[in-house]
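Report on the following structure.
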Amino acid sequence: MRVFVINLPQSEDRRVFQQQQLERLNLPYQVLDAVSVHDISEDQYGKEAFGWQRPLKKVELACFLSHVKAWNMVWNSNEPALIIEDDAVLVEDIATLLHDIERQFLSLDPELINLEVRSRKKILSKRPLFKLNNGYQLLSLFQERTGTGGYILFPAGARKLLDKAQSHPAATADAFIFSTYQLKAFQVEPAALIQEDQLEAYGLGGNKGFVSTIGRSEHFKPEYRSTADKIGFKSRRMIGQFKMAYRYLSVILKATKRYVALDKAKFKIK
């Protein structure tokens, strides 16, 4: 399985880190030049950044467009790929895990498999669907809130996301992906990937000290262009929250809301 690494050309430290990590793990990879804020004109920003539940920062729009590039690559290649952001830290047995997924579970007809853990609860199937080698298991992923550090995307899933991108406004990449409820999505447990800014939270230490180029939105306070604009955003947010609640209620009998486990012994942090 190929790996697409989303990386800004100027983020050389992250690119070198991924080159060293992926070569050590014996994974073929391709660096995908991320969309920069400098690639987005003010006209494009005005047209594309104000249709979601709040205004997007320009760096968030750039991140979303970078993931769209990766989806196109999966669709055009007609092969699944692991898409990672350039601060992703992978488990040491990732190659075996990817091989198992390709070899055993295409019969599931998966469209997206999330590998990440990120300090938020997820809505998962109560029981694993399959047990993999090395202690991994695969669960249905019904709802996710944050995290696009690393996921396996299959061509059918890429097509659904690209079709949605043609008819829906841009959003943060994670919100866009995981509000696409028609995706047949799964979660690997224990998690096989963690982003650098979560290492300390999970007791892994080894902070790489990367400067954030993706632009996390957890503490972002939006600025509205007008009162009417603000009302429109608030209305869309209410609709989005309603859809999330409806999704939860629709799967509540077969789902549980909990944190995904992580096995620290599977990571080699320098």
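Remember, it's a predicted structure, so these values are computed and weren't measured experimentally.
Looking only at side-chain heavy atoms (C-beta outward), D174 and R145 stay at 4.5 Å or farther from each other. Residues P28 and M1 form no side-chain contact, since every pair of their non-hydrogen atoms from C-beta on lies 4.5 Å or further apart. Two residues are said to be in side-chain contact when any heavy atoms from C-beta on lie closer than 4.5 Å; L65 and D39 fail this criterion. Contact annotation: the side chain of F4 approaches that of V74 to within less than 4.5 Å [non-hydrogen atoms, C-beta and beyond]. Taking 4.5 Å as the limit, some side-chain heavy atom of E85 sits within range of a side-chain heavy atom of T148. L22 is listed as a side-chain neighbour of L90, based on a closest heavy-atom distance under 4.5 Å.
Under the 4.5 Å side-chain heavy-atom criterion for Ile, Leu, Val, Met, Phe, Trp and Tyr, I84 and V16 are members of distinct hydrophobic clusters. Under a hydrophobic clustering in which Ile, Leu, Val, Met, Phe, Trp and Tyr are joined whenever their side-chain heavy atoms come within less than 4.5 Å, directly or via other members, I269 and L262 fall into the same cluster. With hydrophobic clusters built from ILVMFWY side chains whose heavy atoms lie under 4.5 angstrom apart, L253 shares a cluster with V251. Note on L115 and I123: separate hydrophobic clusters, where clusters join Ile, Leu, Val, Met, Phe, Trp and Tyr whose side-chain heavy atoms are under 4.5 Å apart, directly or indirectly. When the side chains of ILVMFWY residues are joined at heavy-atom separations under 4.5 Å, either directly or via intervening members, V35 and L162 end up in a single hydrophobic cluster.
Atom CG of L132 sits about 12.0 Å away from atom NE2 of H99, to the nearest 0.5 Å. In this structure, K164 NZ and L183 CG are separated by 8.0 Å, a value rounded to the nearest 0.5 Å. The structure places OH of Y259 at 7.5 Å from OH of Y202, a figure rounded to the nearest 0.5 Å. Between atom CG of residue L112 and atom CG of residue N114 there is a gap of 6.5 Å, rounded to the nearest 0.5 Å. We find the CD-CG distance between Q187 and L139 to be 7.5 Å, quoted to the nearest 0.5 Å. Note that OG1 of T96 and CD1 of I101 are 11.0 Å apart. Values are rounded to the nearest 0.5 Å.
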What do the steps show when you test E196 against R14 for salt bridge (Lys or Arg N to Asp or Glu O under 4.0 Å), and what is the final call? CA-CA 10 Å; E196 182 272 339; R14 291 185 175 209; 5.5 Å; no
Apply salt bridge (Lys or Arg N to Asp or Glu O under 4.0 Å) to the pair D33 and R15, showing each step before the final yes or no. CA-CA 10 Å; D33 286 346; R15 185 169 63 255; over 6 Å; no
Do F142 and L124 pass the side-chain contact (heavy atoms from CB on, under 4.5 Å) test, and can you show the C-alpha distance, the side-chain angles, and the key distance before you say yes or no? CA-CA 6 Å; F142 297 117; L124 306 163; 5.8 Å; no
Please lay out, stage by stage, how R2 and S77 fare under the test side-chain contact (heavy atoms from CB on, under 4.5 Å). CA-CA 10 Å; R2 289 192 299 172; S77 70; 3.0 Å; yes
Derivation of the side-chain contact (heavy atoms from CB on, under 4.5 Å) call for W71 and L153: CA-CA 8 Å; W71 305 340; L153 186 64; 3.4 Å; yes
How far apart are the C-alpha atoms of V188 and L138, what are their side-chain angles, what is the distance that settles it, and do they pass the side-chain contact (heavy atoms from CB on, under 4.5 Å) test? CA-CA 5 Å; V188 168; L138 202 64; 3.8 Å; yes
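Here the shortest heavy-atom pairing between I6 and A34 reads CG2-CB, 3.7 Å. Looking at every heavy atom in both residues, T172 comes nearest to R54 through CG2-NH2, 3.8 Å. Heavy atoms only, all atoms of each residue included: I152 and P80 are closest at CG2-CB, 4.5 Å. The two atoms that bring L193 and G150 nearest to each other are CD1-CA, 3.5 Å, heavy atoms only. Closest approach of K131 to P128, counting heavy atoms only: NZ-CG, 4.1 Å. Shown here for V91 and A191, the closest heavy-atom pair between the two residues is CG1-O, 3.9 Å.
Of the possible polar contacts, none joining the Y29 side chain to the E23 backbone as a donor-acceptor pair under 3.5 Å is found. In this structure a side-chain-to-backbone donor-acceptor pair under 3.5 Å is present from E116 to G149. Checked by atom type and distance alone, the side chain of Q18 pairs as donor or acceptor with a backbone atom of A88 at under 3.5 Å. Under a 3.5 Å cut-off, the side chain of D163 and the backbone N or O of K160 do not form any donor-acceptor pair. In terms of modelled atom types and a separation under 3.5 Å, the side chain of N76 and the main chain of N72 share a donor-acceptor contact. A donor-acceptor pair is defined here as one N or O able to donate and one able to accept, closer than 3.5 Å; no such pair exists between the side chain of K184 and the backbone of S140. Under a 3.5 Å cut-off, the side chain of T180 and the backbone N or O of Q182 do not form any donor-acceptor pair.
Residue pairs satisfying the salt bridge (Lys or Arg N to Asp or Glu O under 4.0 Å) criterion with at least one member in residues 40-52, sequence neighbours excluded, are listed as follows: E42-K58, D43-K47. For the salt bridge (Lys or Arg N to Asp or Glu O under 4.0 Å) condition, the pairs that include at least one residue of residues 241-263, sequence neighbours left out, are E189-R258.
Remark: E144 pairs with K122 by the salt bridge (charged side-chain N to carboxylate O under 4.0 Å, His left out) rule, at least two apart or across chains.
A ring-centre distance under 6.0 Å is found for F64 and F176. Aromatic ring centres of Y45 and F50 lie closer together than 6.0 Å. Under the 6.0 Å cut-off for aromatic ring centres, Y151 and H67 qualify, their centroids lying closer than that.
A side-chain contact (heavy atoms from CB on, under 4.5 Å) with L25 is found for one member of L98, D93, I94 and no other, namely I94.
In this structure, a donor-acceptor pair under 3.5 Å is absent between the side chains of Q195 and Q198.
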